[in-house]
Amino acid sequence: MSRFQVVKGMLFPKVPWFKKEDIEVTLEYVPKDDDIIIASYPKTGTTWLQYIVLQITPKGESFPSFNDVLDRVAPFMEMAGPEAIDNLTCLRMYKHHYRYDMVKKNPKVKALYIHRNSEDTFTSFFHFLEHVLEAKLNLEEFLDGFFYWKYRIWQLF
């Protein structure tokens with residue numbers, strides 16, 4: 001049994017919080033005009049960037065806990081589904097790890113993309129997935145997959 005699932009050509013870990021149905025529905029989500037979207041490759045600084053945005057937008061008056069940021073303040077599209085985004089009040093900020101060519105566009109949104117050195121991203125992502133999948137991954141296979149997906153992302157820019 002594979003530890004990964006492919007949804008519309010993109011690999012996702014096969015874990016309970018990445019449900020294929022949620023991923024498919026959020027890929028059809030059309031952003032609203034004032035949305036702030038943080039788009040990134042996994043393990044490149046998504047959480048770090050969202051905290052920066054949270055300090056700029058309300059002028060530093062809010063500093064939510066890590067769990068609140070992940071679940072309620074700036075949910076992950078592919079984990080939370082569109083309902084969580086539609087239920088956001090005031091600041092509509094959310095994040096995803098989708099490729100640019102996969103998501104619906106709205107020219108009035110504010111979209112932020114963060115990049116990190118590929119070697120650091122690879123190491124962080126490899127260890128992260130070993131932890132969440134509770135499995136020993138094959139380093140060479142992971143490296144091949146990492147370069148394939150990383151290359152596909154950068155072809156788009």
Side-chain angles (χ1 to χ4, degrees), residues 4-129 131-132 145-146 148-157:
F4 297 93
Q5 58 185 328
V6 178
V7 181
K8 294 195 176 183
M10 188 168 177
L11 279 176
F12 290 89
K14 198 177 265 187
V15 290
W17 54 89
F18 281 135
K19 296 182 182 109
K20 186 175 183 176
E21 307 79 48
D22 287 341
I23 295 168
E24 290 172 338
V25 170
T26 55
L27 285 171
E28 298 304 317
Y29 188 80
V30 178
K32 304 219 182 327
D33 287 355
D34 292 327
D35 286 359
I36 298 172
I37 303 168
I38 297 173
S40 64
Y41 191 85
K43 308 313 290 175
T44 56
T46 312
T47 303
W48 178 69
L49 182 57
Q50 75 191 21
Y51 269 106
I52 291 171
V53 172
L54 283 170
Q55 290 303 293
I56 293 169
T57 50
K59 299 182 175 103
E61 296 170 9
S62 171
F63 200 81
S65 72
F66 180 77
N67 288 335
D68 281 345
V69 168
L70 289 180
D71 298 333
R72 290 184 280 284
V73 178
F76 261 111
M77 282 184 84
E78 57 266 48
M79 290 172 60
E83 301 81 27
I85 296 162
D86 287 335
N87 290 334
L88 291 172
T89 57
C90 301
L91 180 66
R92 285 180 44 95
M93 178 173 67
Y94 51 93
K95 55 200 174 281
H96 64 71
H97 291 320
Y98 297 140
R99 293 188 326 251
Y100 180 78
D101 67 325
M102 296 179 78
V103 296
K104 301 292 180 190
K105 315 294 186 288
N106 177 339
K108 295 183 180 182
V109 304
K110 292 147 194 82
L112 303 167
Y113 186 84
I114 189 165
H115 175 73
R116 181 180 183 190
N117 175 293
S118 293
E119 292 174 20
D120 295 334
T121 301
F122 171 80
T123 303
S124 179
F125 196 25
F126 179 79
H127 292 295
F128 172 78
L129 284 178
H131 174 74
V132 299
F146 178 81
Y148 172 76
W149 292 108
K150 198 74 169 154
Y151 176 71
R152 292 253 349 243
I153 287 171
W154 290 114
Q155 273 186 324
L156 303 171
F157 294 97

Quiz item: Atom OG of S40 and atom NE2 of H115: how far apart are they, to the nearest 0.5 Å?
Solution: 12.0 Å
Exercise. Measure across I38 and M93 and return the closest heavy-atom pair with its distance rounded to 0.1 Å.
Key: CD1-SD, 3.9 Å
Side-chain polar contacts of residues 80-92 - donor-acceptor pairs under 3.5 angstrom, sequence neighbours left out - could you list them?
unit_1 : atom_1 : unit_2 : atom_2 : d
D86    : OD1    : Y29    : OH     : 2.7
N87    : ND2    : E83    : O      : 3.1
R92    : NE     : D35    : OD1    : 2.5
R92    : NH1    : I85    : O      : 3.0
R92    : NH2    : Y29    : OH     : 2.7
R92    : NH2    : D35    : OD1    : 3.3
R92    : NH2    : D35    : OD2    : 3.1

Quiz item: Is atom NZ of K105 surrounded by more than 12 heavy atoms (other residues, nucleotides or ligands) closer than 6.0 Å?
Solution: yes
Exercise. Taking the side chain as every heavy atom from C-beta outward, state whether I23 and K8 have any atom pair closer than 4.5 Å.
Key: no
Quiz item: How far apart are the closest heavy atoms of T46 and I114, and which atoms are they?
Solution: N-CG2, 4.4 Å
Quiz item: To the nearest 0.5 Å, what is the distance between CG (N117) and OG1 (T44)?
Solution: 11.5 Å
Quiz item: Got a second to check how far E78's CD is from K19's NZ, nearest 0.5 Å?
Solution: 13.0 Å
Quiz item: Under the criterion ring-ring contact (aromatic ring centres under 6.0 Å, His included), which of Y113, F76, F18, F125 is the partner of H97?
Solution: F76
Quiz item: So with a 6.0 Å cut-off around NZ of K20, is the heavy-atom count from everything else above 12?
Solution: no
Quiz prompt | Atom pair CD1/OG1 of I52 and T47 - distance to nearest 0.5 Å | solution = 11.0 Å
Quiz prompt | Sequence-distant partners of F126, ring pair (Phe, Tyr, Trp, His ring centres under 6.0 Å), two or more places apart | solution = F142
Exercise. Would you check if the side chain of R116 reaches a backbone N or O of K43 as a donor-acceptor pair within less than 3.5 Å?
Key: yes
Quiz item: Rounded to the nearest 0.5 Å, how far apart are CE of M102 and OG1 of T26?
Solution: 9.0 Å
Practice problem: Hey, could you give me the OH/CD1 distance between Y94 and I37, rounded to the nearest 0.5 Å? | Solution: 3.5 Å
Quiz item: Short question: side chain of T57, backbone of V53 - any donor-acceptor pair under 3.5 Å?
Solution: yes
Quiz item: Hey, is CG on D34 packed in by over 12 heavy atoms from elsewhere, all under 6.0 Å?
Solution: no
Quiz item: Do the side chain of N106 and the main chain of P31 share a donor and acceptor less than 3.5 angstrom apart?
Solution: yes
